[in-house]
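Because the structure is a prediction, the values reported are computed rather than measured.
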Amino acid sequence: QVQLVESGGGLVQPGGSLRLSCAASGFTMDNYVIGWFRQAPGKEREGVSGITTSDIKTYYARSVTGRFTISRDNAKNTVYLQMNSLKPEDTAVYYCAAHSGTWGPWVTVPGSYDYWGQGTQVTVSS
């Protein structure tokens with residue numbers, strides 16, 4: 001059974017940090033582009049970051065560039081999202097997803113992804 005499980009969310013004060021993890025089971029992650037998305041109440045799901053299978057390419061949404069870092073450990077079948085200097089507007093449910101196709105502009109689009117995790121809540125508030 002293919003499964004993605006996010007963890008590491010929680011409540012943090014503005015300026016704080018969190019590291020999200022996305023662990024895969026039932027398939028080998030290193031054959032997939034992995035993306036992180038988020039969805040705030042009343043808003044559409046948006047792409048946050050993505051990484052190719054070989055770590056050669058990454059992308060970041062403009063709103064998180066310089067604050068978030070994506071990485072992967074294929075040996076552990078896990079992808080991480082290090083989030084620093086968090087802001088209240090980063091509050092959302094964060095999802096990881098796996099895309100079996102090639103890298104391109106479509107990796108920012110939720111509909112391009114084959115598998116999704118259940119999400120983890122990130123709340124940035126004082």
Side-chain angles (χ1 to χ4, degrees):
Q1 181 181 359
V2 172
Q3 194 171 16
L4 291 169
V5 178
E6 302 95 335
S7 61
L11 173 64
V12 63
Q13 292 186 342
S17 298
L18 286 173
R19 188 177 80 155
L20 304 183
S21 298
C22 172
S25 60
F27 72 105
T28 303
M29 221 180 211
D30 56 0
N31 294 325
Y32 289 77
V33 171
I34 303 299
W36 282 98
F37 293 81
R38 67 186 181 186
Q39 189 165 19
K43 294 188 176 181
E44 292 187 353
R45 191 168 297 188
E46 64 172 352
V48 174
S49 184
I51 189 166
T52 54
T53 58
S54 56
D55 291 353
I56 291 176
K57 296 179 181 178
T58 60
Y59 91 87
Y60 296 94
R62 189 174 302 175
S63 59
V64 307
T65 297
R67 300 187 297 123
F68 290 11
T69 303
I70 191 170
S71 62
R72 65 192 301 158
D73 185 337
N74 288 336
K76 295 183 178 180
N77 225 21
T78 300
V79 171
Y80 305 97
L81 185 68
Q82 178 67 44
M83 305 187 297
N84 298 328
S85 302
L86 283 162
K87 304 175 181 180
E89 51 263 42
D90 294 318
T91 296
V93 178
Y94 283 71
Y95 301 89
C96 67
H99 166 64
S100 61
T102 58
W103 183 264
W106 47 86
V107 300
T108 67
V109 178
S112 299
Y113 286 76
D114 304 288
Y115 306 119
W116 288 85
Q118 83 291 345
T120 185
Q121 176 70 48
V122 171
T123 302
V124 185
S125 175
S126 55

Pair V64-S49, side chain to side chain contact (heavy atoms under 4.5 Å, CB included): steps then yes or no | CA-CA 8 Å; V64 307; S49 184; 5.5 Å; no
When you look at L11 and S125, which way does the side chain to side chain contact (heavy atoms under 4.5 Å, CB included) test go after all the steps?
-> CA-CA 7 Å; L11 173 64; S125 175; 4.2 Å; yes
Give the intermediate values and the outcome of side chain to side chain contact (heavy atoms under 4.5 Å, CB included) for residues V33 and K57.
-> CA-CA 10 Å; V33 171; K57 296 179 181 178; over 6 Å; no
For side chain to side chain contact (heavy atoms under 4.5 Å, CB included), just list the numbers for S25 and Q1, CA-CA rounded to whole Å, side-chain angles, deciding distance to a tenth of an Å, and then say yes or no.
-> CA-CA 7 Å; S25 60; Q1 181 181 359; over 6 Å; no
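Smallest separation of non-hydrogen atoms from R72 and V79: CB-CG2, 3.7 Å. In terms of heavy-atom proximity, A40 sits nearest to A92 at N-CB, 3.8 Å. Shown here for R67 and S85, the closest heavy-atom pair between the two residues is NH1-O, 2.9 Å. Across every non-hydrogen atom of C22 and L4, the tightest pair is SG-CD2, 3.8 Å. For the pair S17 and N84, the tightest heavy-atom approach, listed with the atom from each and the gap, is OG-OD1, 2.9 Å.
No path of Ile, Leu, Val, Met, Phe, Trp and Tyr side chains, each step under 4.5 Å between heavy atoms, connects V107 with I34, placing them in separate hydrophobic clusters. Under the 4.5 Å side-chain heavy-atom criterion for ILVMFWY residues, no single connected hydrophobic cluster contains both M83 and V93. Linking Ile, Leu, Val, Met, Phe, Trp and Tyr whenever their side-chain heavy atoms come within less than 4.5 Å leaves L20 and V5 in two separate clusters. Note: the hydrophobic cluster containing W103 does not contain V48 (ILVMFWY, side chain heavy atoms under 4.5 Å, direct or indirect links).
For the pairing with H99, the ring pair (Phe, Tyr, Trp, His ring centres under 6.0 Å) check across Y113, Y32, W36 returns one residue only, Y113. Under the ring pair (Phe, Tyr, Trp, His ring centres under 6.0 Å) test applied with F37, the options Y95, W116, Y94 reduce to a single match, W116.
Panel note: side chain S21, backbone Y80; no donor-acceptor pair is recorded below 3.5 Å. Of the possible polar contacts, none joining the D73 side chain to the T78 backbone as a donor-acceptor pair under 3.5 Å is found. N77 places a side-chain N or O within 3.5 Å of a backbone atom of F27 that can act as its donor or acceptor partner. Listed for the T91 side chain is a donor-acceptor partner under 3.5 Å among the backbone atoms of V124. Looking only at distances, a side-chain donor or acceptor of E6 sits under 3.5 Å from a matching main-chain atom of C96.
For the atom pair CG of L18 and CG of D90, the computed distance is 10.0 Å after rounding to the nearest 0.5 Å.
Taking a 6.0 Å sphere around CD of E44, one finds it holds 12 or fewer heavy atoms contributed by other residues, nucleotides or ligands.
Side-chain atoms of I70 and Y59, non-hydrogen and from C-beta on, never get closer than 4.5 Å to each other. Considering only heavy atoms from C-beta on, R38 comes within 4.5 Å of S63 through its side chain.
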